[in-house]
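Right, one structure below, let's go through it.
Computed from a prediction, not measured in an experiment: that's the story for all the values here.
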Amino acid sequence: QTAEQNEASLRRDIGEMLLVGFRGQDAKSCGHIERDIKEYHIGGVILFEYDVASRTRNRNVASPSQLKRLCNQLQQMAGGSLIISIDQEGGKVCRMRAKDGFHRTPSPMYCAQSGYDTVRHYARLTAQMLRQAGVNMDFAPVADVNVNPSCPVIGAMERSFSADTAVVAQCCGIWLQELGGMKVAGCMKHFPGHGSASGDTHQGLVDVSGSWQEYELAPYRSLIASGSVPMVMVAHVVNSKIDCKWPASLSYKTVTGLLRNRLGFDGVVVTDDLEMGAIIKQYDYETVIYQAIIAGNDMLCLSNNGSGRYNADIVPQTVDIIMRLVKAGRLTAEQIHASAERIRRLKKSIM
């Protein structure tokens with residue numbers, strides 16, 4: 001291959017690693033997303049109902065018919081190869097809300113307490129609803145163990161299925177199975193465990209070093225071993241039991257050492273949103289991108305929905321940073337290609 005061809009394929013594979021948020025209920029009304037898909041070949045988009053910076057609702061999701069039209073537009077732009085993702089856990093975390101005409105889904109905790117049949121019923125309903133809309137990736141199930149019931153972002157919001165790891169594993173397994181049956185990729189989160197936290201990583205750094213327990217890995221361990229996990233999301237928590245220096249999402253010891261090598265996971269690893277307070281308040285953007293990739297993440301979640309300013313050029317800027325890091329020899333083209341391969345393999349299973 002010529003140098004030009006090598007550069008073009010590297011650029012394309014860098015694009016594959018980006019999962020991007022944008023404003024608008026219509027893909028045509030948002031100029032940059034069409035450019036990001038067609039020129040930068042982004043791997044996926046993430047849809048939101050609430051826009052944090054402007055404090056307005058219905059950012060991308062207003063009704064079932066509107067959402068389906070938006071997903072169709074996006075796939076047409078991408079030639080049918082786009083990951084379209086959303087957070088649809090049930091309970092407090094539903095981007096597709098009952099008041100906008102979607103099925104109501106109770107919280108993971110409620111479902112688990114009502115029994116595995118209830119979990120399966122709502123998992124199947126969610127899978128069908130997502131597939132019908134054209135969404136092919138759900139940032140669920142939550143594999144966090146309810147270690148601290150008053151954790152503001154997990155236990156207190158009833159996002160954890162249970163304090164019992166066997167129940168969490170069973171419920172997550174059911175969710176992944178039902179989503180997969182409708183060709184929707186599920187994503188276990190938030191590795192290596194957010195359930196013992198006492199703070200919120202949307203606001204700033206959260207340290208779970210003193211509260212995290214090794215057993216919080218149990219749901220990941222059993223489901224990864226069974227080969228049923230397409231994707232794992234890594235949290236921004238600091239856990240010095242694993243890495244003293246970096247939060248989990250930017251930590252080689254956590255992503256490559258623990259998740260890949262120790263637990264044997266070879267699916268797609270995605271960061272939690274890189275625009276959350278725990279990250280942007282601590283590090284400059286180039287450091288974040290470099291660390292996330294060197295840690296072993298395949299996809300970088302760029303929500304464009306943090307409390308800061310909305311950045312229509314986040315994709316070209318990020319691609320340029322990664323190209324520069326490869327040219328400087330700090331990242332390798334092989335690592336980028338390996339991540340893109342994993343992402344393409346996942347896409348084949350849901351397209």
Does the pair Val208 and Ser196 meet the rule for a side-chain contact (heavy atoms from CB on, under 4.5 Å), with working shown?
CA-CA 7 Å; Val208 297; Ser196 74; 3.8 Å; yes
Any donor-acceptor pair under 3.5 Å from Ser251 side chain to Thr254 backbone
yes
Output for pair (Ile321 CD1, Tyr290 OH), nearest 0.5 Å, gives 14.0 Å
Say whether, by atom type as modelled, one donor and one acceptor occur between the side chain of Gln5 and the main chain of Thr2 under 3.5 angstrom.
yes
Exceeds 12 heavy-atom contacts within 6.0 angstrom, atom CZ of Arg260
yes
Any side-chain to backbone donor/acceptor pair from Asp144 onto His190? Under 3.5 Å, distance only.
yes
Ignoring hydrogens, what is the shortest heavy-atom contact between Ser29 and Gly24? Give both atom names and the distance.
OG-CA, 4.2 Å
Drop me the distance from Gln291's CD to Leu274's CG, to the nearest 0.5 angstrom.
11.5 Å
Would you say Glu216's side chain and Gln213's backbone share a donor-acceptor pair under 3.5 angstrom?
yes
Exam field: side chain Ser107 to backbone Arg159, donor-acceptor pair closer than 3.5 Å:
no
Whether the Asn58 and Gln25 side chains hold a donor-acceptor pair (N or O, under 3.5 Å, no angle test) is what I'd like checked.
no
Sequence-distant partners of Tyr310, ring pair (Phe, Tyr, Trp, His ring centres under 6.0 Å), two or more places apart
His32
Can you list everything that forms a salt bridge (Lys or Arg N to Asp or Glu O under 4.0 Å) with Arg97? Sequence neighbours excluded, please.
Glu49, Asp100
Between Asp313 and Arg35, does any side-chain N to carboxylate O distance fall below 4.0 Å?
yes
In the structure I gave you, are the side-chain heavy atoms of Val184 and Val135 within less than 4.5 Å of one another anywhere?
no
Ser160 side chain to Ser162 backbone, donor-acceptor under 3.5 Å
yes
Take atom NZ in Lys28; do more than 12 heavy atoms of anything else shown fall under 6.0 Å from it?
no
Modelled atom types, side-chain donor and acceptor of Ser209 and Asp207, under 3.5 Å:
yes
Counting N and O atoms only, with roles assigned by atom type, does the side chain of Gln66 sit under 3.5 Å from a partner on the main chain of Asn60, one being a donor and the other an acceptor?
yes
So, do Ile86 and Val61 sit near enough that their side-chain heavy atoms are less than 4.5 Å apart?
yes
From CA spacing to verdict: side-chain contact (heavy atoms from CB on, under 4.5 Å), Arg131, Lys183
CA-CA 7 Å; Arg131 182 32 81 183; Lys183 283 199 174 323; 3.4 Å; yes
If you define the side chain from C-beta out and look only at heavy atoms, does anything of Arg120 sit under 4.5 Å from Gln177?
yes
Of all the heavy-atom pairs spanning Pro192 and Leu258, show the shortest one and how long it is.
CB-CD2, 4.4 Å
Answer yes or no: is there an ion pair linking Asp13 with Arg344, defined by an N-O contact shorter than 4.0 Å?
yes
Pairwise side-chain contact, Ser249 with His236, heavy-atom cut-off 4.5 Å (strictly under):
yes
Looking at Arg262 and Glu214, is there a salt bridge between them, counting it only when a charged N and a carboxylate O are closer than 4.0 Å?
yes
Mind checking the OG-CG spacing from Ser228 to Leu223? Nearest 0.5 Å is all I need.
4.5 Å
Below 30° counts as parallel, above 60° as perpendicular, anything between as tilted: where do the rings of Phe191 and Tyr220 land?
perpendicular
Taking only Lys NZ, Arg NE, NH1 and NH2, and the carboxylate oxygens of Asp or Glu, determine whether Arg345 and Asp266 approach each other closer than 4.0 Å.
yes
